[in-house]
Amino acid sequence: MTLTILYFAWVREKIGRDGEALDVPAGIMDVAGVVGWLASRGGGYAEALGDLARLRYALDQAFVGPDAPLDGARELAIFPPVTGG
């Protein structure tokens, strides 16, 4: 399954790109699985994605939690929580 993954704010800065289309390995069924797989790439991926609780997610532009099933989604956006000020 090909999934377009978008990175925002400091996640984008640590990874060094704003997005990519990747073939998700068979057996990965939810957002946490994708994020864990990406973090296993090391470097900026591990630094940005190592703590699921620090991030927010959207599947096909709908906010979801890390336990959300992929269910054929085409796009996953990963971003830090928005802060005011």
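Note that these values count all heavy atoms, side chains included, but never hydrogens, waters or copies made by symmetry.
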- Could you tell me the separation between the CD1 atom of Ile5 and the CG atom of Asp18, rounded to the nearest 0.5 Å? 12.5 Å
- Provide the closest heavy-atom pair for Ala73 versus Leu59 in the form atom of the first, atom of the second, distance. CB-CD2, 3.7 Å
- Quick one: hydrophobic cluster around Met29, which other residues, with the 4.5 Å side-chain cut-off, linked directly or via members? none
If you look only at distance, which donor and acceptor atoms sit under 3.5 Å apart when one is on a side chain in residues 47-57 and the other is two or more places apart or in another chain?
| residue | atom | partner | partner atom | Å |
| --- | --- | --- | --- | --- |
| Glu47 | OE2 | Lys14 | NZ | 2.9 |
| Asp51 | OD1 | Ala53 | N | 3.1 |
| Tyr57 | OH | Leu52 | O | 3.0 |

- Just grab all the salt bridge (Lys or Arg N to Asp or Glu O under 4.0 Å) pairs involving residues 32-46, residues at least two apart or on different chains. Glu20-Arg41
- Task: Of all the heavy-atom pairs spanning Ala68 and Val64, show the shortest one and how long it is.
- Result: CB-CB, 3.5 Å
- Query: Out of curiosity, Leu76 CG to Leu22 CG, how far, rounded to the nearest 0.5 Å?
  - Reply: 10.5 Å
- With sequence neighbours excluded, what pairs up with Ala77 under the side-chain contact (heavy atoms from CB on, under 4.5 Å) test? Leu6, Phe8, Ala58, Phe79
- Can you name the side chain to side chain donor-acceptor pair (under 3.5 Å) partners of Glu75, sequence neighbours left out? none
- Item | Any residue meeting side chain to side chain donor-acceptor pair (under 3.5 Å) with Arg74, in chain and number order, not counting sequence neighbours | none
- Could I get the full list of side chain to side chain donor-acceptor pair (under 3.5 Å) partners for Asp23, not counting sequence neighbours? Thr2
- Listed partners of Pro80 passing side-chain contact (heavy atoms from CB on, under 4.5 Å), at least two apart: Ala9, Trp10, Val11
- Flag the pair Ile78 / Leu38 as yes when at least one side-chain heavy-atom distance between them is below 4.5 Å, and no otherwise. yes
